[in-house]
Amino acid sequence: LPENTIPGFVLALREGADVLEMDLCISADGQVIVSHEPWMSHSICRKPDGSDIREAEERSFNLHAMTAGQIAEFDCGMRAHPDFPEQRHLPAHKPTLEEVVHVIETVPLLDGAPVRYNLELKYRADWEPTFCPKAAAFVRLVIAEVNRLGIAERSILQSFSAPVLEAIHAQAPGMATAWLVETADVQLAKLSFQPDVYSPKWSLLNAQTVHDLQSRGMQVIPWTVNEGEDLFAVMQMGVDGIITDHPDVAKVLWWCQQ
């Protein structure tokens, strides 16, 4: 189902996910929007009049310059996704975090536990102030929202940005954090504190690295592992969790190992 949409999150839970990973941006009216990019992607979105968005113009449909109401007028579910040909198409908009939580909190997990959230703040220094607020302001809005929604204790805030993680640690020292990385070198020296979770690109991992990171008191949760043989290999490394687009496949492999 379409990415970062309420139907997609509901399906993920029904297929065995126990944590929902999603991406956060900020609208012009300060709402926390669930979206992978801070603009309307030409690959998956259509204008309110139903016409396609061209690649050359996608960044002109800037979420940080639109209100949450204006964002909801765009459809991001009916177009065929070039990377997921098996995806089903249905009308879907980029929801607010509040919309997601209000629905998801009514969906029971298979084991009866409450759902948890892994929330990525989509921040880059070269995007501010056009596409996102400054790091500290971005963090302040997200922390206020997860507190208001009552999910702070069940959430991890993650980012590729050291300034964002530092702002989280300064504003909410008790909030769980995850350091997203896409290079082979362990980058903990870039932070003044140790995050709760280290999340590297899965292909950079090996069993020794996993052991070394865990011995320092961190969980290791790689991204994004989709193929069955890759999921199995990563599980064999002893990771603490896996970010995947296919929780159904991951769940079957996990059961097979127990």
Side-chain angles (χ1 to χ4, degrees), residues 3-4 8-9 12 17-26 32-38 94-97 100-101 104 115-125 127-128 131-147 149 151-205 209-210 213-214 216-226 234 239-245 247 250:
E3 66 179 45
N4 276 307
F9 293 135
D18 56 358
V19 181
L20 293 177
E21 195 272 352
M22 61 192 73
D23 308 299
L24 305 181
C25 300
I26 302 297
V32 180
I33 304 295
V34 179
S35 175
H36 187 264
E37 301 88 12
K94 293 181 182 291
T96 63
L97 180 61
V100 172
V101 170
I104 292 304
V115 67
R116 291 175 288 154
Y117 300 88
N118 193 14
L119 308 173
E120 180 183 349
L121 283 70
K122 302 299 287 192
Y123 167 88
R124 281 176 31 178
W127 283 352
E128 69 168 60
F131 296 110
C132 64
K134 292 183 178 180
F138 197 153
V139 167
R140 191 173 300 111
L141 288 167
V142 172
I143 289 176
E145 188 67 347
V146 297
N147 283 326
L149 295 172
I151 61 170
E153 293 184 356
R154 291 183 280 127
S155 296
I156 298 171
L157 300 188
Q158 63 175 356
S159 181
F160 286 98
S161 165
V164 164
L165 292 176
E166 292 289 358
I168 296 167
H169 186 62
Q171 295 181 30
M175 178 69 69
T177 53
W179 187 208
L180 289 164
V181 296
E182 52 187 341
T183 61
D185 298 331
V186 176
Q187 301 183 38
L188 293 171
K190 294 184 177 181
L191 295 175
S192 66
F193 69 101
Q194 180 170 289
D196 301 281
V197 178
Y198 195 77
S199 283
K201 186 175 181 180
W202 75 268
S203 57
L204 303 175
L205 273 184
T209 301
V210 172
L213 290 165
Q214 290 172 335
R216 299 176 68 166
M218 288 175 286
Q219 290 188 318
V220 180
I221 304 177
W223 57 274
T224 297
V225 197
N226 283 339
V234 170
V239 297
D240 299 284
I242 294 174
I243 297 173
T244 178
D245 294 318

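Just so it is clear, the model here is predicted, and its values are computed rather than measured.
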Which heavy atom of [X] sits nearest to which heavy atom of [Y], and what is that distance?
X	Y	value
F131	P38	O-CB, 3.5 Å
Q194	R216	NE2-O, 2.6 Å
A176	D196	CA-OD2, 3.2 Å
R124	C132	O-SG, 3.8 Å
K122	W127	O-CZ3, 3.5 Å
G241	P222	O-CD, 3.1 Å

Heavy-atom distance under 4.5 Å between the side chains of [X] and [Y], does that happen here?
X	Y	result
I242	W202	no
I26	V32	yes
E166	S192	yes
F193	T177	yes
V139	L157	no
V146	Y117	no
W223	K201	yes

Could you tell me the separation between the [atom1] atom of [X] and the [atom2] atom of [Y], rounded to the nearest 0.5 Å?
X	Y	atom1	atom2	result
K94	H36	NZ	NE2	9.5 Å
L119	I168	CG	CD1	9.5 Å
S199	L205	OG	CG	9.5 Å
Q214	T209	CD	OG1	11.0 Å
R116	I156	CZ	CD1	7.0 Å

Residues which pass side chain to side chain donor-acceptor pair (under 3.5 Å) with D23, listed by chain and number, not counting sequence neighbours: N4
Mind checking whether F138 and Y123 have parallel, tilted or perpendicular rings, split at 30° and 60°? perpendicular
Per the side chain to side chain contact (heavy atoms under 4.5 Å, CB included) rule, which among V181, V210, L213, L180 passes with P200? V181
Test item: [X] side-chain N/O and [Y] main-chain N/O as donor-acceptor pair under 3.5 Å:
X	Y	answer
T224	I243	no
N226	D245	yes
Q171	A136	yes

Determine whether M22 and L97 satisfy the following criterion, side chain to side chain contact (heavy atoms under 4.5 Å, CB included), listing intermediate values before the conclusion. CA-CA 9 Å; M22 61 192 73; L97 180 61; 3.9 Å; yes
Residues pairing under side-chain hydrogen bond (donor to acceptor under 3.5 Å, both in side chains) where one sits in residues 151-162, two or more places apart or in two chains, turn out to be E21-Q158, E105-R154, N118-Q158
Set out, in order, the CA-CA distance, both residues' side-chain angles and the distance that settles side chain to side chain contact (heavy atoms under 4.5 Å, CB included) for L188 and M218, then state yes or no. CA-CA 11 Å; L188 293 171; M218 288 175 286; 3.3 Å; yes
